[in-house]
Amino acid sequence: MAPSLLTTPSQALAFLTPGARRRGSQPAPPRVYFSSARLPRHSALRVRASVAIEKETPESEPPPTFLREDGSGAGSGSVRERFETMIRRVQGEVCAALEEADGSGKRFVEDVWSRPGGGGGISRVLQDGRVFEKAGVNVSVVYGVMPPDAYRAAKGAAGKNGAAEDQKAGPVPFFAAGISSVLHPKNPFAPTLHFNYRYFETDAPKDTPGAPRQWWFGGGTDLTPSYIIEEDVKHFHSVQKQACDKFDPSFYPRFKKWCDDYFYIKHRNERRGLGGIFFDDLNDYDQEMLLGFATECAGSVVPAYIPIIERRKDTPFTEEHKAWQQLRRGRYVEFNLVYDRGTTFGLKTGGRIESILVSLPLTARWQYDHAPEEGTEEWKLLDACINPKEWL
């Protein structure tokens with residue numbers, strides 16, 4: 001889900017680990033979806049991770065906070081504390097809305113974990129519901145030390161808030177908190193949604209004493225339909241614009257373009273979907289303002305998405321519609337595994353594989369040399385992915 005807790009989209013919370021309990025009191029199917037797949041012990045990624053990430057401990061219940069008891073911890077009123085409060089609230093609101101929309105009586109499976117040095121997370125996944133093939137909503141609050149290449153994967157661009165990239169030569173202490181979700185409906189006319197909002201801080205590396213602490217916000221919400229239904233796409237983008245306009249009228253056009261540029265599948269020369277908003281490394285505004293902005297955007301997920309699901313979840317479809325959806329799901333997989341910065345971060349820090357890949361759909365399809373006939377609904381979707389449009 002994604003991507004990595006610290007960066008982009010889909011795997012935003014790549015550290016989630018098997019926990020111990022299920023939300024709610026209703027009976028639920030056997031837990032067959034959380035295998036214990038791990039990177040091999042001899043893997044170079046696992047070796048690097050051994051100095052970066054502490055071993056997780058499964059917990060039976062979520063604690064009141066995952067923050068350490070220090071000056072930035074619980075009761076401090078810090079950005080860390082308020083961001084954790086926000087993402088945990090949003091996780092609950094989104095999961096409740098999805099369970100209601102699914103209507104199957106299924107509940108999200110919940111795994112809770114912690115780390116001895118501080119931090120932890122909550123992973124929630126619903127699979128094989130009536131409406132949702134797979135829906136994951138994860139939160140994580142993590143302290144650790146990143147190898148330099150993991151820092152670069154998380155940061156992407158050169159640092160803006162203080163030290164330059166070449167100053168980060170040694171292991172980098174970090175704090176990160178985020179919420180990440182990917183929702184894959186069964187119906188081809190109901191779009192996939194991804195959202196991710198995160199807050200990140202680094203301290204001076206051990207070999208660069210005195211380097212300034214850096215912080216930034218990142219995130220976004222984007223829509224990936226298999227078919228263009230303009231009413232739905234315009235509704236989704238209008239909600240994103242309303243959230244942005246409350247803080248700065250330049251945000252929506254700026255972050256809409258950023259989203260189109262980020263979710264670009266270079267080897268296909270097309271975008272993953274029809275965009276939304278995306279921003280990263282954002283620290284050139286007041287910190288309180290950006291906290292409010294991230295909170296507003298995260299709170300807009302339910303009103304942006306649930307009305308679309310309610311309109312489309314029971315739309316009749318054919319095998320041909322389903323096959324096209326599976327081909328587009330293949331594009332989703334390609335982007336997440338090849339380009340998503342979150343996936344890269346999770347792998348380089350030794351995150352739990354099941355959580356790193358929670359954004360992937362249960363089913364997808366690759367068909368040799370497939371090209372939709374010009375003028376068809378499938379062709380219109382592909383054209384919009386190749387040539388991004390202004391929806392408002």
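The residues of the chain are indexed from 1 along the displayed sequence.
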(message) Once side chain to side chain contact (heavy atoms under 4.5 Å, CB included) is applied, do any residues pair with K389, and if so which ones, sequence neighbours excluded?
(response) D383, A384, W391
(message) Is there a side-chain contact between R268 and C385 in this structure, where contact means two heavy atoms from C-beta onward sitting under 4.5 Å apart?
(response) no
(request) Kindly write out the residues that satisfy salt bridge (Lys or Arg N to Asp or Glu O under 4.0 Å) with D102, not counting sequence neighbours, or none if the list is empty. (result) none
(request) Taking ring pair (Phe, Tyr, Trp, His ring centres under 6.0 Å) as the test, write out the residues that go with Y339, two or more places apart. (result) H267
(message) Checking Y264 now: which residues fulfil ring pair (Phe, Tyr, Trp, His ring centres under 6.0 Å) with it, not counting sequence neighbours?
(response) none
(request) Sequence neighbours left out, what passes salt bridge (Lys or Arg N to Asp or Glu O under 4.0 Å) with R130? Give chain and number order. (result) D314
(request) Can you tell me which residue pairs pass the salt bridge (Lys or Arg N to Asp or Glu O under 4.0 Å) test with a partner in residues 299-310, sequence neighbours excluded? (result) E310-K313
(message) Checking R82 now: which residues fulfil side chain to side chain contact (heavy atoms under 4.5 Å, CB included) with it, not counting sequence neighbours?
(response) V79, E288, L291
(request) Kindly write out the residues that satisfy ring pair (Phe, Tyr, Trp, His ring centres under 6.0 Å) with H321, not counting sequence neighbours, or none if the list is empty. (result) F189, Y227
(request) Consider only side-chain N and O atoms of N187 and T315, and report whether a donor and an acceptor are under 3.5 Å apart. (result) no
(message) Run the ring pair (Phe, Tyr, Trp, His ring centres under 6.0 Å) test against F317 and tell me which residues pass, sequence neighbours left out.
(response) none
(request) Name the orientation class of the two ring planes belonging to F200 and W216 (parallel below 30°, tilted from 30 to 60°, perpendicular beyond 60°). (result) perpendicular
(message) Checking D245 now: which residues fulfil salt bridge (Lys or Arg N to Asp or Glu O under 4.0 Å) with it, not counting sequence neighbours?
(response) K241
(message) Taking side chain to side chain contact (heavy atoms under 4.5 Å, CB included) as the definition, give me every residue that meets it alongside D261, ordered by chain and number, with sequence neighbours left out.
(response) K257, R271
(request) List in chain and number order the residues that pass side chain to side chain contact (heavy atoms under 4.5 Å, CB included) with P253, two or more places apart in sequence or in another chain; answer none if no residue qualifies. (result) none
(message) For the aromatic rings, using the six-membered ring if either is Trp, is the centroid distance between F263 and F335 under 6.0 Å?
(response) yes
